[in-house]
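Encoded as structure tokens, the structure appears first; notes follow it.
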Amino acid sequence: MLRDVLSLFKLRIGVLIMATALVGIAVQPGAALTGVQVAVLALAVLVASASAGAFNQYAEYEADRLMARTRKRAFATGALPHHPAWLLLMAAMLVAAVAAAWAVLNPAAAVYTFLGAFFYGVVYTLWLKRRTHWNIVVGGLAGSFAVMAGAAAVQPMPGPYAWLLALVLFLWTPPHFWSLAIANRADYEQAGVPMLPVVVGDARAARIVFASTVALVAASIAPVFFGAGAVYGVAAVAAGTWFLRKAWLLALCPSRRSAMGSFFASLIQLSALLVAAPLDALLG
């Protein structure tokens, strides 16, 4: 039961989003936050993300039964009852997270925290996921808002470095998720979800993944001209080159194997950026 409840809140994704918020704190110049403020921001973003992740599973439980990747989720299997009381818990989590950020940090950080959860839970899950293959593009704003929440906690009007990192998160989501969608296209077809490869086919989707990866890598290098240091620059070039190579191989020969290669390369690239950016700030 505990495992089912923990999986409901998508904590692995939540921890990643929390990490992007902490990176936002690290790269934004301004007055240093206290340990309590950093902890509150981290927990607020994590709890808000968890509430949105749980709502996604609540809303999608019937479709989740149709996909091999999701059919073992707790609502889909019936391990947890699909009861409206869960909605009250999710709403309470989001309200508590936003209120804590507002009280301990500032209104701007609270608003960005709310927007991250709102865009994933409502804009992506309810409005776009089943209507357009652009769903995941707009859904990518969820990660961008986490960066801005961290930066706004330091300075309510964040500088260009934070905005560029938010742009990187926005541009990272499409090639990352479209690579996975190519690998699992049959699942999305069966569930009736219009992911890009379902709509345009694997070959064209793979070419779009490569083009979007080019845009992502270019954006990831841009912070070097707005305050990022050498450590970040080396990581952006090295990890970006690796992702480009894998995306190019996917474009040359679309297959489940090349799609998963591109997917894992996207994780390596983002991890490298999230480690290098605060390391640069620490060394500086």
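We're numbering straight along the sequence, starting at 1.
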Between F210 and L244, what is the shortest heavy-atom contact and its length?
CE1-O, 3.8 Å
Exercise: identify the closest heavy-atom pair between A235 and A272
CB-O, 4.1 Å
Mark yes or no for whether T132, through its side chain, and L128, through its backbone, hold a donor-acceptor pair below 3.5 Å.
no
Shortest non-hydrogen separation from Y58 to H82 and the atoms involved
O-NE2, 2.8 Å
H133 and V198, any side-chain heavy atoms less than 4.5 Å apart:
no
Do L171 and T213 make a side-chain contact, defined as non-hydrogen atoms from C-beta onward lying under 4.5 Å apart?
no
Tell me whether T125 contacts the main-chain N or O of V122 through its side chain, where contact means a donor paired with an acceptor under 3.5 Å.
no
If you look at every heavy atom in L167 and A219, which pair is closest and at what distance?
CD2-CB, 4.2 Å
Is there a side-chain contact between I17 and L46, using heavy atoms and a 4.5 Å cut-off?
no
Answer whether the closest heavy-atom distance between the side chains of Y161 and Q28 falls below 4.5 Å.
no
Kindly compute the distance separating OG1 (T113) from CG (L43), expressed to the nearest 0.5 Å.
11.5 Å
Minimal non-hydrogen separation, A205 against V200, with atom names:
N-CG2, 3.8 Å
For the CZ atom on R204, are there more than 12 heavy atoms of other groups (residues, nucleotides or ligands in this structure) within a distance under 6.0 Å?
no
Does atom CZ (R257) have a neighbourhood of more than 12 heavy atoms from anything else shown, all under 6.0 Å?
no
So how far is it from M18 CE to L11 CG, rounded to the nearest 0.5 Å?
10.0 Å
Can you name the closest pair of heavy atoms from D64 and T70 and give their distance?
O-OG1, 2.9 Å
Evaluate side chain to side chain contact (heavy atoms under 4.5 Å, CB included) for V147 paired with V23, printing each intermediate quantity in order.
CA-CA 7 Å; V147 175; V23 170; 5.9 Å; no
Test S262 against every option in W248, W178, F243 by the side-chain contact (heavy atoms from CB on, under 4.5 Å) rule and name the one that passes.
F243
Find the distance between OH (Y120) and OG (S51) and round it off to the nearest 0.5 Å.
11.5 Å
W86 atom CH2: more than 12 heavy-atom contacts under 6.0 Å:
yes
If hydrophobic clusters are built by linking Ile, Leu, Val, Met, Phe, Trp and Tyr wherever their side-chain heavy atoms come under 4.5 Å apart, do V45 and W102 end up in the same one?
no
Which distance, rounded to the nearest 0.5 Å, do you find between the OG of S179 and the CG of L267?
9.5 Å
With rounding to the nearest 0.5 angstrom, report the CZ to CE distance, F264 to M260.
4.0 Å
Closer than 3.5 angstrom, by distance alone: can the side chain of R65 be matched with the main-chain N or O of R71 as a donor-acceptor pair?
no
Look at the side-chain heavy atoms of Ile, Leu, Val, Met, Phe, Trp and Tyr, link any pair under 4.5 Å apart, and say whether L169 and V275 land in one connected group.
no
Are side-chain heavy atoms of L33 and I25 found at a separation under 4.5 Å?
yes
Quick check: does any side chain N or O of D280 sit under 3.5 Å from a backbone N or O of A228, one acting as donor and the other as acceptor?
no
Less than 4.0 Å between a side-chain N and a carboxylate O, is that true for R73 and E60?
no
Residue set satisfying side-chain hydrogen bond (donor to acceptor under 3.5 Å, both in side chains) with Y112, at least two apart, ordered chain then number -> none
NZ/NE/NH1/NH2 to OD/OE distance under 4.0 Å, D202 and R185
yes
What is the distance from atom OH of Y124 to atom OG1 of T173, rounded to the nearest 0.5 Å?
10.5 Å
Under 4.5 Å between side-chain heavy atoms, counting indirect links through other Ile/Leu/Val/Met/Phe/Trp/Tyr residues: same cluster for V231 and V234 or not?
no
Is I208 close to L196 at the side-chain level, that is, under 4.5 Å between some pair of heavy atoms?
yes
May I ask you to check whether over 12 heavy atoms, not counting those of R12, lie within 6.0 Å of atom CZ?
no
Have a look at F119 and tell me which of F170, F114, W127, F145 forms a ring-ring contact (aromatic ring centres under 6.0 Å, His included) with it.
F145
Test your reading of the model: is there a side-chain donor-acceptor pair from Y232 to the backbone of S220, 3.5 Å cut-off?
yes
When you measure from the side chain of D187 to the backbone N and O of M67, does any donor-acceptor pair fall under 3.5 Å?
no
Under a 4.5 Å cut-off applied to non-hydrogen side-chain atoms, are Q57 and F9 in contact?
no
Please verify the inter-ring angle class for Y188 with F177; under 30° counts as parallel, over 60° as perpendicular, anything in between as tilted.
tilted
Verify the distance criterion only: is there a donor paired with an acceptor across the side chains of N56 and K10 at less than 3.5 Å?
yes
Indicate yes or no: at least one non-hydrogen side-chain atom of M148 is less than 4.5 angstrom from one of P158.
yes
Exam field: side chain Q269 to backbone W242, donor-acceptor pair closer than 3.5 Å:
no
Worked check of side chain to side chain contact (heavy atoms under 4.5 Å, CB included) between L126 and F55:
CA-CA 10 Å; L126 293 185; F55 179 77; 3.7 Å; yes
Quick check: is I268 connected to I182 through a chain of hydrophobic side chains (ILVMFWY, heavy atoms under 4.5 Å apart)?
no
When clusters are formed by joining ILVMFWY residues with side-chain heavy atoms under 4.5 Å apart, either directly or through shared neighbours, do M93 and L16 land in the same one?
yes
